[in-house]
Amino acid sequence: MLTYEGVDFYDIESQLSEDEIMVRDMVRDWVDEEVIPNIEEACREGHFPEEWGQALGEMGVLGMTIDEKYGCAGMSYVAYGLVCQELERGDSGLRSFASVQGSLAMFPISAFGSEEQKMHYLPKMASGEWVGCFGLTEPDYGSNPGDMITRAVEDGDDFVLNGAKMWITNGTVADVAIVWAKLDGVIRGFIVEKNDAGFSAPEMTGKHSLKASVTSELVFQDCRIPKNRILPDVKGLKGPFSCLNNARYGISWGAIGSAQACFHSAKEYTLSRIQFKHPIASYQLVQNKLAWMLREITKGQLLALHLGRKKDDGSWIPEQISLAKMNNVDMALEIARMARDMHGANGILDEYPIMRHMANLESVKTYEGTHDIHNLILGRWITGIQAFTRDL
Amino acid sequence: MPNIAVLVKRVPDTNAQILVSGDRVDLSNVKWVMSPYDEYALEAAMMHKEAQGGVVTAITLGAPECDKVLKDAKAIGVDRIIRVWDDSWSELDSNQTQMALTSAVKEISAEVVYCGKSAADTGAGSTGPGVAERLDWASASNIIGLEFEDSGIEVIVPAASGNARTGISLPAVVSCDKGFCKPRKPNVKGIMMAKRAQVEVLAAEIPASGINIVSHTPPPQKAPGQTFDGATNVPAVVAALRNDANVI
Amino acid sequence: MSETVVIAETKQGMLHSVTAELVSAANALGSAPTVIIPGTSDSAAAAVAELAGVGRVIACVGDCFSTYDAASWAKAVDTCAPAGIVVCAASQNGKDLASRLAARRSISVVQDVVAIDGSTLTQPIFSGKAMQNIVLSGDAVISIRANTFAAVGEGDGAEVTVMNQSADIATAVREMIAKANERLDVAEADIIISGGRGMQDPVNFVDLERIADALGAAVGASRAAVDTWDEIPHSMQVGQTGKTVNPSLYIAVGISGAIQHLAGMRTSKYIVAINKDAEAPIFKHADYGIVSTWEEALPILESELKALLG
Ligand SMILES: Cc1cc2nc3c(=O)[nH]c(=O)nc-3n(C[C@H](O)[C@H](O)[C@H](O)COP(=O)(O)OP(=O)(O)OC[C@H]3O[C@@H](n4cnc5c(N)ncnc54)[C@H](O)[C@@H]3O)c2cc1C
Ligand SMILES: Cc1cc2nc3c(=O)[nH]c(=O)nc-3n(C[C@H](O)[C@H](O)[C@H](O)COP(=O)(O)OP(=O)(O)OC[C@H]3O[C@@H](n4cnc5c(N)ncnc54)[C@H](O)[C@@H]3O)c2cc1C
C-alpha cells in the first residue's frame with residue numbers, strides 16, 4: 001500500500017522536532033486508515049462517526065497542549081497544528097471536532113476554570129469520554145457577539161440561564177457545553193451539562209458543508225445550574241476570544257491539510273487524464289495552476305510554522321493569528337475551487353475529495369471570525385481605527 | 001519475569017525510490033522508518049510482557065540517527081532503549097552485526113529475543129538465527145502464531161507440509177512474520193515518554209568484516225512490454241515471469 | 001581457491017531439484033563441491049552423487065533431521081561440512097540454516113545471491129531496487145536464489161560417505177496444521193490477480209482464487225466488477241477509488257485498463273494482462289500481454305504454475 005507523504009517543498013520537516021514528527025505521522029496514518037475510506041459515507045449520511053472521537057481521545061490529541069496534570073499531553077502548539085493539518089486533510093468536520101473539543105471547550109476550563117473544574121472535566125474530555133461544545137454565536141449575533149442576548153441571573157445557590165445559541169458544533173452530542181452569557185451585563189463563561197434541566201440542543205440539518213460534523217442550536221429555558229459551574233477567572237469578551245485565538249491558530253494549519261489533499265488529487269488526476277493526446281498536466285495552463293497551488297501551500301506552511309513557534313514562546317499577538325487564519329483558509333478554498341475545475345466533470349463527484357473540501361472550506365471561511373472580520377482586525381491594527389461599526 | 005529484547009532496524013521506507021549514484025545507493029533523500037516486520041516483533045515483545053510481566057528492551061544497531069526507531073519503540077511502550085554503536089564502525093557485515101547485537105542481548109541478560117523475519121533493506125533474514133547461534137539458543141523463524149506458556153512459548157511456523165505448531169523453551173530467538181497480531185499504534189503520551197527517554201549507547205567488540213562491498217548497481221533494465229497472441233503463449237509468459245522477471 | 005561445500009536442499013526427505021543449481025553456483029566459484037545432504041537416512045544421497053560437477057557427497061544422517069530445527073540442523077551439518085565457502089538454497093529454511101552455520105563459524109553470510117562473476121557475488125537489496133556486488137575476504141556461507149543458475153546435468157557418479165550425527169532438538173513440533181486458506185488483502189500482497197467485468201460472472205472468480213492460492217497471491221477486482229456483482233466486495237477494488245497497490249506482480253484478467261484502474265496499480269513491478277481484445281488499453285501498460293479469453297488462458301496458467309511451484 002502506498003503511503004501518503006505530504007507536500008513539503010521547503011523541507012519544513014527539518015524544522016520539526018522528533019516528537020512533533022511522530023505525532024504528525026501517528027495522526028496521518030490514522031486518517032489514511034480510518035477516515036479517508038469512510039468519510040464519504042459519513043458525509044452522505046450526515047453524521048460524525050462516534051468512534052472517531054474516541055480514537056482521537058485514545059491517540060491523546062484532544063486538548064493536547066494542556067498540562068499533563070489534567071490527563072493531557074502538554075505538547076507544543078506546533079504539534080497541535082500538525083495534528084489539525086492531518087485531520088483536515090481527512091475532513092474539515094473532523095478537524096472541527098478536535099478544535100472545538102480542545103481549543104474551545106477544554107482550553108477555557110484549563111485557562112479560566114477552578115482547580116475542581118479542571119480535575120473534574122479535563123481528564124474525561126481528553127480521553128474523549130465526554131464531548132464538549134462552545135456556545136457563543138446567537139441567531140442575531142454572529143460577527144458581533146458582544147451584543148449577545150443570552151443572560152444568566154443568580155437565584156439562591158444557582159444560576160438560571162435564558163436564551164439561545166446557534167451554529168454550535170458538537171452541540172447535540174456534547175456532554176459539556178461552555179456557554180457564554182451575560183451576568184449583570186458582563187460576559188461570563190458557564191459550564192452547562194447535557195442533562196441540566198431547561199437545556200436542549202436540537203441538531204440543525206440541511207447543511208451543504210461540514211456534513212460529517214454535528215451543528216446544533218443550544219436552547220436555554222430557565223436552565224438551572226449550580227453556582228460552581230461559572231468559570232471564575234475571566235470576564236468580558238476576552239474569555240471567548242482567547243479560545244478563538246487557539247482554534248483559529250489550529251485552523252491556519254488545518255486549511256493546509258485540505259489544500260494538500262486537493263493539490264495531491266489535482267496532480268494525480270492531471271498526470272493521468274489524457275486530452276488532445278497528452279496528459280493535461282503537460283499543458284502550460286495546467287502547470288501554471290499546479291505551480292500556483294504549490295506556491296500558496298508552501299507560503300501557508302511557513303506562515304503557520306512561524307506562528308506556531310511564536311505561540312509556543314508566547315511572543316504572538318492576536319492579529320498575527322487573524323492573518324494566518326484568513327490567508328490559509330483563503331488559499332485553501334481557492335486551491336479547492338481550482339482543483340475542482342482541473343478535475344473536469346469528475347470534480348463534482350464524491351469519488352474525489354475535492355468538492356467536499358471546497359464546500360467544507362466555505363464554512364471554515366465563515367466560522368471563527370469571517371474572512372472580512374479578520375480583514376477588519378488587521379485594518380484596525382494598521383490604522384488604529386476600528387471599522388467594525390460606524391460609531392467611531 | 002522475563003527479560004524481553006526486541007531488535008529493531010532503521011530502513012528506507014519500502015515505497016522509497018532507491019537511486020544509485022556513482023557506485024553506491026544514494027539514500028540521502030529517502031524517508032526512514034522502522035523495518036515493517038520489526039513492528040510485529042515489537043508487538044510480540046509487548047504481548048509477552050502483558051502475558052508474563054518483565055521488562056522489554058528495544059535494541060538497534062547504528063549511528064545516532066537510528067535513535068528515531070528506538071523512540072518509535074519507546075512511544076509504543078518498551079521500557080528500555082539501547083543503541084549499539086562505535087564511531088569507528090561503518091558498513092558492518094552480518095558477522096559483525098550479529099556479534100554486536102549478541103553482546104547487547106547478553107549485557108541485558110535477555111531470555112527471549114524477538115526480531116523481524118527480515119529487514120526491508122537487505123531482505124536477508126540472517127540476524128535472528130545468527131544471534132541465536134551465537135548465544136547457543138533455540139530459534140524459530142518466520143513465525144505466524146504465538147502463545148505464551150509457563151515454561152516457554154508456542155509458535156506456528158510455516159513448513160513444507162503445512163504449518164508447524166511448535167513448542168520452544170526459553171531462552172530463544174524468535175523472528176516474526178506478519179499475521180499473528182496487529183501492531184499497536186503510539187499515542188501522544190507514549191510520544192512524550194519517548195521524547196524524554198534516554199537512549200543507552202553500548203559499545204561492543206566485533207571481528208573484521210568478511211566481505212567487501214565493491215559497488216551498488218541499478219537492477220537490470222526491464223524488457224519493453226510484449227504482447228502475445230493466444231493462450232498457447234501462457235507457458236512462455238510463466239517462464240519469463242520465473243526466469244527474467246524473477247517474480248514467481 | 002578454498003574448498004566449496006553445498007548443503008543440498010531437501011523437501012520432506014527427498015532431494016529438491018534446486019540442488020543442481022547450487023552445484024552449478026559452487027562450480028562458478030571455481031571448484032567441484034563437497035555436497036552435504038542432511039536426512040534421517042542416506043536414501044537421497046545417490047541422487048546427489050549423480051549430479052555433474054560434484055566432488056564428493058556426504059550423507060549427514062541423524063534423527064534430528066526428521067523436522068526442521070535450526071539449532072540441531074546447524075550443529076549436525078557443521079560437524080560434517082569441511083571449511084570453505086558453503087552454498088545453501090535461498091529458501092526459507094536454507095537461509096535460516098545458512099545464518100546459523102555462518103554464526104557457528106564466525107564468518108559472514110551472504111543471502112539471495114543471484115550471480116557469481118569470478119570472485120564477485122551479486123545480491124539484490126531494497127527488494128530488488130538495487131543490486132549489491134561484493135567480494136568475500138575469506139570463507140563465508142552464501143545462499144543462492146532459485147532459477148538464477150542453470151542446473152548441472154548428470155555426471156559420472158561421485159563417492160558417497162555416510163556420517164551419523166546426533167544433536168538435541170531444541171524445538172518440538174506438536175502438530176502440523178493445514179495452511180489456512182485465508183485470502184490475503186490486496187493492500188498487503190506481493191502478487192495480485194484481479195478480475196474485471198470480462199469475468200462475466202462472479203462465480204468465475206473461483207478460477208482466479210485457485211491461481212491466487214498457487215501463487216500465495218491476493219485476488220483483486222476492477223470497479224466494474226465490484227459495482228456489478230454484490231459477491232465482489234469493495235475491499236477487493238483496485239484503483240483510484242479502491243486500493244492503491246504496489247506488488248511485484250499484478251495479473252489483470254478481463255480488465256480493460258481504464259485510467260482509474262491504472263491509477264491504483266500502475267506502479268506494480270510487473271504487469272500481466274489477459275484480455276480477449278487486442279486493442280484493450282491495459283496492453284499498453286503490460287510487461288506481458290496475452291490476447292486470449294480467460295476461459296482459454298486461465299486453465300493453462302493454473303497448470304503451468306502448479307507444475308512450477310508444486
Ligand atoms: C458549520 C459552522 C459551525 C459553527 N460552529 C460554531 C460553534 O461551535 N460555536 C459558535 O459559537 N459559533 C459557531 N459558528 C458560528 C460562526 O462563528 C458564525 O457564523 C460567524 O461568527 C459569522 O457569524 P454570522 O454567521 O452570524 O455572520 P454575520 O456576522 O451576519 O456575517 C455575514 C457577513 O457579513 C460580514 N460582516 C459582518 N460584520 C461586518 C462588518 N462590520 N463589516 C463588514 N462586513 C461585515 C461578514 O464578514 C459576513 O461576510 C459556526 C458556523 C458554522 C457555519
Ligand atoms: C470517479 C471514478 C472512479 C473510478 N475508480 C475506479 C477504481 O478505483 N477502480 C477501477 O477498476 N475502476 C474505477 N473506475 C471505473 C473505470 O473507469 C472503469 O469503468 C473500470 O475500471 C472498468 O472495469 P473493467 O475493466 O473490469 O470493465 P470493462 O471496461 O468493461 O472491461 C472489461 C474487459 O474485459 C474484456 N473481456 C470480456 N470478456 C472477456 C473474456 N472472456 N476473456 C478475457 N477478457 C474479456 C474486454 O475486452 C474488456 O477489455 C472509476 C471511474 C470513475 C468515473
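Order of the sequence lines sets the chain letters (A, B, ...), proteins ahead of strands, with each chain counted from 1. On a predicted model such as this, the values are computed, not experimentally measured, just so you know.
- By number of non-hydrogen pairs under 4.5 angstrom with chain C, the leading residue of B:A208, B:S209, B:P224, B:A159 is B:A159.
- If you tally non-hydrogen atom pairs under 4.5 Å between each of B:V20, B:T122, B:V25 and chain C, the highest count goes to B:V25.
- Between chain C and the options B:A240, B:A172, B:G125, heavy-atom pairs under 4.5 Å are most frequent for B:A240.
- When heavy atoms are compared at a cutoff of 4.5 Å, C:A130 approaches chain B by way of both its backbone and its side chain.
- For C:T293, no part lies under 4.5 angstrom from a heavy atom of chain B.
- In this structure, the portion of C:V272 lying under 4.5 Å from any heavy atom of chain B is its side chain and not its backbone.
- With a 4.5 angstrom heavy-atom cutoff, C:Q132 touches chain B via backbone and side-chain atoms both.
- Neither the backbone nor the side chain of C:P299 has a heavy atom closer than 4.5 Å to any heavy atom of chain B.
- Residue contact with chain B, scored on non-hydrogen atoms closer than 4.5 Å, involves the backbone and the side chain of C:L301 alike.
- Of the atoms belonging to C:L215, it is side-chain heavy atoms, and not backbone ones, that fall under 4.5 Å from chain B.
- Residue contact with chain B, scored on non-hydrogen atoms closer than 4.5 Å, involves the side chain of C:L309 exclusively.
- Both the backbone and the side chain of C:Y288 have a heavy atom closer than 4.5 Å to some heavy atom of chain B.
- For the residue pair B:S126 and C:Q111, a side-chain donor N or O sits within less than 3.5 Å of a side-chain acceptor on the partner.
- For B:K178 and B:Y37, the positive end is not near the middle of the six-membered ring at less than 6.0 Å and at most 45° from its axis.
- Using a 4.5 Å cut-off between heavy atoms, C:D112 touches chain B through its side chain atoms alone.
- Chosen from B:R242, B:K117, B:R134, the residue pairing most often with chain C at heavy-atom distances under 4.5 Å is B:R242.
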